[in-house]
There are 2 protein chains.
Amino acid sequence: MTATPAPSPGAAAPGDFLRLDEQICFSLNAASRAFGGVYRVLLKDLGLTYPQYLVMLVLWEHGELPVKKVGEHLRLDSGTLSPLLKRLEAAGLVRRERSARDERSVQVGLTEEGAALRERALDVPRRIAAATGADLEEIRALRARLDLLTEALDRAALSGPALSEAPGCT
Amino acid sequence: MTATPAPSPGAAAPGDFLRLDEQICFSLNAASRAFGGVYRVLLKDLGLTYPQYLVMLVLWEHGELPVKKVGEHLRLDSGTLSPLLKRLEAAGLVRRERSARDERSVQVGLTEEGAALRERALDVPRRIAAATGADLEEIRALRARLDLLTEALDRAALSGPALSEAPGCT
DNA sequence: CGCAATTCAGTTGTGCACAACTCAATTGCT
DNA sequence: AGCAATTGAGTTGTGCACAACTGAATTGCG
């Protein structure tokens, strides 16, 4: 008995909790990575990674934006965006320049090439939808649930020093 | 007019597709990262990251396993697991040794300390469930949907050279 | 005005995900 | 037995996520 693999078959309840735990978080993670795989294939032609594609979506929709705003749309901070944007700039898809009005801020905009890339991305969503095998209504419902979940988790993380403390916060 | 931010307000349909695209994949991604944030807080005490926690869950449940099997449970390959397991070994939580039966295979097992850590992880699931603010039934339903989605995406990725080609594959 | 607090982008360091590869052990086929 | 194909773990290189930090610009308050 070097490391007691099965602690005790009688202790069903706590064991079940640790299995149940895999429920959402793991399924979510797996689904997210499965999407990543499909996007990787589809976006290879465009020379984009999935996070880069998200940035391009934001820019196609909103035009020129400060880095801060891009981050708000995507829930990403400058630690992630700065190098990512630098790569997009190196690829010739985006342009970055310090705002004249506020020298702290950097405006991110599309180059001609970046704007043109939109045309080639137009049928990505349809192909993704096809890969999911789900109809639009189901997708909508799932998305609504996930957004609620994210909101709840963010709230818990903020008021959440209590999270790592006593569970008695009714 | 350096890069035409808003292509044309009249072109509603294609624009909507590119926005709709954000639907699941982005929500999924955001939810996954939101979970990550909550887990990060909860697991800090245990000295584990979330992926490390997943590995420990597998080992707590199944005892000693070859690296391959751990990867199958978690959908991770050796490129991810090898360094992760090395860190868990350095932390004194797991043990790795070449199988005598098959010298290619490496058995991963718990140390005393790793097995003992289970006790301290027992209330992580409850705290996570509390942070989601969802009841168990809702969680179950969501998980089922996500697993179906993952399955569909994996299938698409496999038969999916067609994915990046003509959409006429009925 | 003058200075402390805040804001914004960027850097550094750690860890994960994944593709592409190496290398040894094993299996299967003849 | 002999050898090609496969399998399993590991390494390398790229890119993302995030914490912690730096440094410059701006804001706000007395």
Side-chain angles (χ1 to χ4, degrees), chain A residues 25-26 28-41 43-44 47-56 65-72 74-91 94 96-108 154 157, chain B residues 25-26 28-41 43-44 47-56 65-72 74-91 94 96-108 154 157:
Chain A
C25 58
F26 177 65
L28 209 64
N29 209 311
S32 184
R33 283 188 286 131
F35 260 112
V38 174
Y39 272 106
R40 207 184 322 281
V41 175
L43 295 175
K44 197 170 188 176
L48 294 174
T49 65
Y50 175 60
Q52 290 168 4
Y53 171 68
L54 290 182
V55 168
M56 295 304 286
L65 286 175
V67 173
K68 186 76 192 311
K69 287 288 180 191
V70 176
E72 283 172 9
L74 301 178
R75 313 175 134 266
L76 292 172
D77 65 7
S78 69
T80 300
L81 283 176
S82 285
L84 192 158
L85 289 171
K86 205 182 287 186
R87 281 186 286 270
L88 285 179
E89 188 178 40
V94 309
R96 288 189 304 162
E97 51 194 42
R98 291 265 159 204
S99 164
R101 179 180 299 278
D102 183 344
E103 285 286 339
R104 290 171 304 180
S105 175
V106 168
Q107 295 287 319
V108 183
D154 280 351
Chain B
C25 59
F26 178 65
L28 209 64
N29 210 312
S32 184
R33 283 189 286 132
F35 261 111
V38 175
Y39 272 105
R40 206 183 322 282
V41 175
L43 295 176
K44 197 169 188 176
L48 293 175
T49 65
Y50 175 61
Q52 288 168 5
Y53 171 68
L54 290 182
V55 168
M56 295 304 287
L65 286 175
V67 172
K68 187 75 191 310
K69 287 289 180 191
V70 176
E72 283 171 10
L74 300 178
R75 315 174 132 268
L76 292 172
D77 65 6
S78 69
T80 300
L81 283 176
S82 285
L84 192 158
L85 289 170
K86 205 182 288 187
R87 282 187 286 271
L88 284 178
E89 187 178 39
V94 309
R96 287 189 304 162
E97 51 193 43
R98 291 265 159 204
S99 163
R101 179 179 300 278
D102 184 343
E103 285 286 339
R104 291 171 305 180
S105 175
V106 167
Q107 295 286 319
V108 183
D154 280 351

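In what follows, chains carry the letters A, B, and so on, assigned in the order in which the sequence lines appear, proteins first and then strands, with residues in each chain numbered from 1. Both backbone and side-chain heavy atoms feed into the values below; hydrogens, waters and symmetry mates do not. Bear in mind that the values here come from a model prediction, so they are computed numbers and not experimental data.
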Next item on the list: Supply the atom-to-atom distance Glu72(B) CD to Lys68(B) NZ, rounded to the nearest 0.5 angstrom.
Entry: 4.5 Å
To the nearest Å, how far apart are [X] [atom1] and [N] [atom2]?
X        : N       : atom1 : atom2 : answer
Lys86(A) : dT14(D) : NZ    : P     : 16 Å
Leu54(A) : dA17(D) : CG    : P     : 8 Å
Phe35(B) : dA17(D) : CZ    : C1'   : 17 Å
Leu88(A) : dG15(D) : CG    : C1'   : 12 Å
Glu89(B) : dG10(D) : CD    : C1'   : 13 Å
Asn29(B) : dA17(C) : CG    : P     : 13 Å
Leu65(A) : dA9(C)  : CG    : C1'   : 15 Å
Leu84(B) : dA9(D)  : CG    : P     : 14 Å

Margin query: Could you check whether any side-chain N or O of Asn29(B) sits under 3.5 Å from a backbone N or O of Ser32(B), counting only pairs where one atom can act as donor and the other as acceptor?
Written below: no
Next item on the list: Look only at the side chain of Arg98(A) and the backbone of Arg104(A), and say whether a donor-acceptor pair between them is shorter than 3.5 Å.
Entry: yes
Notebook entry, point to check: Which part of the nucleic acid, if any, lies within reach of Lys69(A) when heavy atoms closer than 4.0 Å are counted: base, sugar-phosphate only, or nothing?
Noted result: nothing
Check: Checking all strands, does Ser82(B) fall into the base, sugar-phosphate, or nothing category for heavy-atom contacts under 4.0 angstrom?
Finding: base
I need the minimum non-hydrogen distance between [X] and [Y], along with the two atoms involved.
X        : Y        : value
Leu74(A) : Arg33(B) : O-NH2, 3.1 Å
Tyr50(B) : Phe26(A) : OH-N, 3.5 Å
Arg75(B) : Ala30(A) : CD-CB, 3.7 Å
Ser82(B) : Arg96(B) : O-NH1, 4.2 Å

Note to self: Testing Thr49(A), Leu48(A), Val55(A) one by one against Pro51(A) for a side-chain contact (heavy atoms from CB on, under 4.5 Å), which residue passes?
What the structure shows: Thr49(A)
Item checked: Arg96(A) side chain near dG10(C) phosphate (N/O to OP1/OP2, under 4.0 Å) -> yes
Next item on the list: Tell me whether the OP1 or OP2 atom of dT14(C) has a side-chain N or O from Thr49(B) closer than 4.0 Å.
Entry: no
Next item on the list: Please tell me which of the listed nucleotides, dT11(D), dA17(C), dA17(D), lies nearest to the side chain of Pro51(A)?
Entry: dA17(D)
N/O to N/O distances under 3.5 Å, protein versus nucleotides 18-20 of chain D:
from: dC18(D); atom 1: OP2; to: Arg33(B); atom 2: NH1; distance (Å): 3.3

Checklist line | Protein-to-nucleotide contact annotation, 5' to 3' order, nucleotides 22-27 of chain D [B base; S sugar-phosphate only; - none; under 4.0 Å, heavy atom] | finding: ---BS-
Margin query: Does this structure show an ion pair linking Lys86(B) with Glu89(B), if we count only N-O contacts that are shorter than 4.0 Å?
Written below: no
Check: Start at the 5' end of DNA chain C and walk down; is the nucleotide closest to Pro83(B) or to Lys68(A) reached first?
Finding: Lys68(A)
